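All residue numbers refer to positions in the sequence shown, counting from 1. No hydrogens, no waters, no symmetry mates; every other heavy atom, side chains included, goes into these values. Remember, it's a predicted structure, so these values are computed and weren't measured experimentally.
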Amino acid sequence: MKVLLLFGLVAFALADSTRFEGEKVFRLKPVLDEHVTLIRDLAKSIEVDFWKPETAELVTIDIDVDIRVPALYLDMVNTILQQSDIEHEVLIEDLQAAVDGQSDSGPTPRAHSYTNYNSWDKVYSWINSIATSNSLISKQVIGNTYEGRPMTVLKLGKRSDSTKPAIFLDCGIHAREWISPAFCQWFVKEALSTYGSDSQMTSLLNEMDVFVLPVFNIDGYDFTHKSNRMWRKTRSRKSGSSCIGADPNRNFNAGWCSMGASNNPCSDTFCGYSPESEIEVKNVADFIRRNKSVIKAYLTIHSYSQLLLFPYSYTYELAADHSELMKVAVGASNALRSLYGTKYTSGPGATTIYPAAGGSDDWAYDLGVKYSYTFELRDTGRYGFLLPESQIKPTCEETMLAVKYIAAYVQKNLY
């Protein structure tokens with residue numbers, strides 16, 4: 001009995017927080033069809049976490065493939081790579097060290113900080129305090145998550161009697177992309193603190209509203225802080241399946257589950273059991289539908305790859321507004337680059353990275369929100385999802401320039 005109890009405690013301790021000692025992240029460069037087959041076969045035989053692209057099915061020749069390999073399989077993977085002459089490099093030598101190294105800006109402060117990755121509890125208390133800090137901001141709960149956490153949209157803008165056109169901005173659709181929620185918090189801080197001194201922000205908030213959802217996938221985000229740093233999906237459960245969650249960015253009703261998404265509930269790109277089966281997706285979709293007449297732009301923040309994408313991702317067809325969307329994306333990318341020289345690539349999702357159905361930007365565009373963009377923030381793979389905290393400030397500063405560029409364009413080109 002004592003042994004069983006002890007075993008139970010050990011199992012509980014292990015379940016408490018996933019560790020990644022000895023795990024590595026490789027970048028593979030397939031240039032032959034055989035290389036693509038090899039990577040796909042590898043994914044079938046062992047547990048591989050695809051960082052880029054998001055599944056084995058999306059691997060093609062001439063794209064970089066970033067995969068996380070558990071320590072248990074390293075010898076085998078090294079042997080296969082040596083024998084197959086596929087070009088490869090190790091991006092992250094020790095994943096646990098990289099996880100620990102994220103907090104390179106010093107010890108984690110007890111209070112909320114704009115230059116740290118804040119836990120959900122800190123973000124939640126920040127939302128509640130900042131929402132009452134200023135006449136330019138108010139909050140609205142748009143529903144609860146699967147685990148019952150309130151999803152709060154912050155509305156920024158000078159109060160007016162009439163209904164103003166608006167921009168919708170969300171962060172943290174994928175739980176492990178921590179730099180994303182960091183940006184939404186930064187945006188709110190900057191908007192409030194530069195109103196009145198920055199002419200562009202002042203004009204924007206006078207003439208438009210900005211709806212900000214600081215964390216979309218709250219349950220998943222909380223789980224990455226408390227249990228498994230590499231978790232991506234929601235945390236929903238369905239009776240009869242032991243697999244948890246769906247990919248919220250495959251769950252929108254835009255070419256749903258057709259390409260670049262999986263119908264396997266255990267997959268990281270599981271499209272869900274039906275469009276908007278994830279309550280978080282339904283809450284956001286309902287909010288945007290309710291405010292469709294005023295929402296003129298939809299911006300969603302992800303990481304990593306340094307891309308500025310726009311529809312479509314679920315088809316290779318070009319959007320009706322392709323040339324205008326491209327022109328604005330290139331202008332925004334140039335604005336971003338002007339600060340630290342960070343290079344972004346712009347283009348439609350399907351051809352710029354890979355096809356992926358059920359994405360929020362495609363859905364918003366098809367709903368009639370013309371200026372619909374997905375940001376993939378820093379970096380290009382050196383740290384991947386584990387961007388150090390010392391890069392939060394520069395990343396947010398440069399991204400602000402791109403977001404303000406798009407916002408200014410939308411403001412002048414209302415439809």
> Does the side chain of Asp366 come under 3.5 Å of the side chain of Tyr314 through a donor N or O and an acceptor N or O?
Replying inline: yes

> Of the options Tyr312, Phe252, Trp256, Phe168, which is the one that meets Trp363 in a ring pair (Phe, Tyr, Trp, His ring centres under 6.0 Å)?
Replying inline: Phe252

>> Looking at Tyr146, I'd like to know if the NZ or CZ of Arg235 sits under 6.0 Å from its six-membered ring centre while staying within 45 degrees of the ring's axis.
In response: no

> So, Thr300 versus Asp170: side-chain donor-acceptor pair below 3.5 Å or not?
Replying inline: yes

>> Under a 3.5 Å cutoff, is there a donor and acceptor pairing between the side chains of Lys139 and Asn128?
In response: yes

> Would Ser236 and Glu278 count as having a side-chain donor-acceptor pair, cut-off 3.5 Å?
Replying inline: yes

>> Could you tell me if Tyr114 and Trp126 have a donor-acceptor pair between their side chains, going purely by distance under 3.5 Å?
In response: yes

> When you check the side-chain N and O atoms of Asp379 and Gln306, is any donor under 3.5 Å from an acceptor?
Replying inline: no

> Taking atom types as modelled and ignoring hydrogens, do the side chains of His35 and Glu87 form a donor-acceptor contact shorter than 3.5 angstrom?
Replying inline: no

> Are Arg27 and Asp66 ion-paired here, with the side-chain N under 4.0 Å from a carboxylate O?
Replying inline: yes

>> I'd like to know if the side chain of Thr269 and the backbone of Ala261 have a donor-acceptor N/O pair within less than 3.5 Å.
In response: no

>> Would you call the rings of Phe287 and Phe211 parallel, tilted or perpendicular, taking 30° and 60° as the class edges?
In response: perpendicular

>> Looking only at side-chain N and O atoms, does Ser267 offer a donor or acceptor that is under 3.5 Å from a partner on Asn264?
In response: no

> Are Tyr383 and Gln391 linked by a side-chain donor-acceptor pair shorter than 3.5 Å?
Replying inline: no

> Going by atom types alone, do Ser360 and Tyr298 pair a side-chain donor with an acceptor below 3.5 Å?
Replying inline: yes

> Hey, does the Lys NZ or Arg CZ of Lys296 hover above the aromatic six-ring of Tyr371, less than 6.0 Å from the centre and inside 45° of the axis?
Replying inline: no

>> Determine whether a donor-acceptor pair (N or O, by modelled atom type, separation under 3.5 Å) exists between the side chain of Asn217 and the backbone of Ile173.
In response: yes

> Under 3.5 Å, is there a donor-acceptor pair linking the side chains of Thr234 and Asp219?
Replying inline: no

>> Taking the basic N atoms (NZ, or NE/NH1/NH2) and the acidic carboxylate oxygens, is any pair closer than 4.0 Å for Lys164 and Glu207?
In response: no

> What pairs meet the ring pair (Phe, Tyr, Trp, His ring centres under 6.0 Å) rule with one or both residues in residues 48-92, with sequence neighbours excluded?
Replying inline: Trp51-Phe385

> Does the pair Tyr344 and Glu376 meet the rule for a side-chain hydrogen bond (donor to acceptor under 3.5 Å, both in side chains), with working shown?
Replying inline: CA-CA 9 Å; Tyr344 268 57; Glu376 294 281 355; over 6 Å; no

>> Tell me if the CZ atom of Arg237 is crowded by more than 12 foreign heavy atoms within 6.0 Å.
In response: no

> Between Val403 and Phe183, does a side-chain contact (heavy atoms from CB on, under 4.5 Å) hold up when you go through it step by step?
Replying inline: CA-CA 11 Å; Val403 168; Phe183 176 73; 3.8 Å; yes

>> Measuring only between side-chain heavy atoms, which start at C-beta, is Leu387 closer than 4.5 Å to Ile392?
In response: no

>> Glu276 vs Asn251, test: side-chain hydrogen bond (donor to acceptor under 3.5 Å, both in side chains). Steps then yes/no.
In response: CA-CA 6 Å; Glu276 298 179 26; Asn251 192 235; over 6 Å; no

> Among side-chain atoms of Gln96 and Asp100, is any donor-acceptor pair under 3.5 angstrom?
Replying inline: yes

> Does Thr194 use its side chain to pair, donor to acceptor, with the backbone of Asp198 at less than 3.5 Å?
Replying inline: no

> Does a sphere of radius 6.0 Å around NZ in Lys292 hold more than 12 heavy atoms from other residues, nucleotides or ligands, not counting ones at 6.0 Å or beyond?
Replying inline: no

> Strictly by modelled atom types, are Thr145 and Glu147 linked by a side-chain donor-acceptor pair under 3.5 Å?
Replying inline: no

>> Salt bridge check, Asp49 against Arg176: does any charged N sit closer than 4.0 Å to a carboxylate O?
In response: yes

>> Strictly distance-based, threshold 3.5 Å: is any side-chain N or O of Ser129 a donor or acceptor partner for the main-chain N or O of Ser125?
In response: yes

> Can Gln102 and Glu389 be counted as having a side-chain donor-acceptor contact under 3.5 angstrom?
Replying inline: no

>> Applying side-chain hydrogen bond (donor to acceptor under 3.5 Å, both in side chains) to Tyr405 and Asn334, what does each step give before you reach the verdict?
In response: CA-CA 10 Å; Tyr405 180 94; Asn334 289 340; over 6 Å; no

> Does the side chain of Ser346 come under 3.5 Å of the side chain of Ser333 through a donor N or O and an acceptor N or O?
Replying inline: yes

> Under 3.5 Å, is there a donor-acceptor pair linking the side chains of Tyr195 and Asn206?
Replying inline: yes

> Quick one: do Asp94 and Lys24 make a salt bridge, cutoff under 4.0 Å?
Replying inline: no

> Would you call Ile127 and Val188 a side-chain contact if the rule is heavy atoms closer than 4.5 Å?
Replying inline: no

> Looking at Lys370 and Glu324, does any basic side-chain N land under 4.0 Å from a carboxylate oxygen?
Replying inline: yes

>> Does Ile86 form a side-chain contact (heavy atoms from CB on, under 4.5 Å) with Lys29? I'd like the steps, not just the answer.
In response: CA-CA 7 Å; Ile86 183 170; Lys29 298 173 185 282; 5.7 Å; no

> Can you tell me if Asp104 uses its side chain to pair, donor with acceptor, with the backbone of Ser390 under 3.5 Å?
Replying inline: yes

> If you measure from the Lys or Arg side-chain nitrogens to the Asp or Glu carboxylate oxygens, is any gap between Glu398 and Arg337 under 4.0 Å?
Replying inline: no

>> Quiz question: by atom type and distance under 3.5 Å, do the side chains of Asp121 and His225 form a donor-acceptor pair?
In response: no

> Does the distance from a Lys or Arg side-chain N to an Asp or Glu carboxylate O, for Lys226 and Asp222, drop under 4.0 Å?
Replying inline: yes

> Can Ile67 and Val69 be said to form a side-chain contact (heavy atoms from CB on, under 4.5 Å), step by step?
Replying inline: CA-CA 6 Å; Ile67 57 170; Val69 179; 3.9 Å; yes

> Short question: side chain of Asp361, backbone of Tyr373 - any donor-acceptor pair under 3.5 Å?
Replying inline: no

> Quick one: does NZ or CZ of Lys233 land under 6.0 Å from the six-membered ring centre of Phe270, within 45 degrees of the ring axis?
Replying inline: no

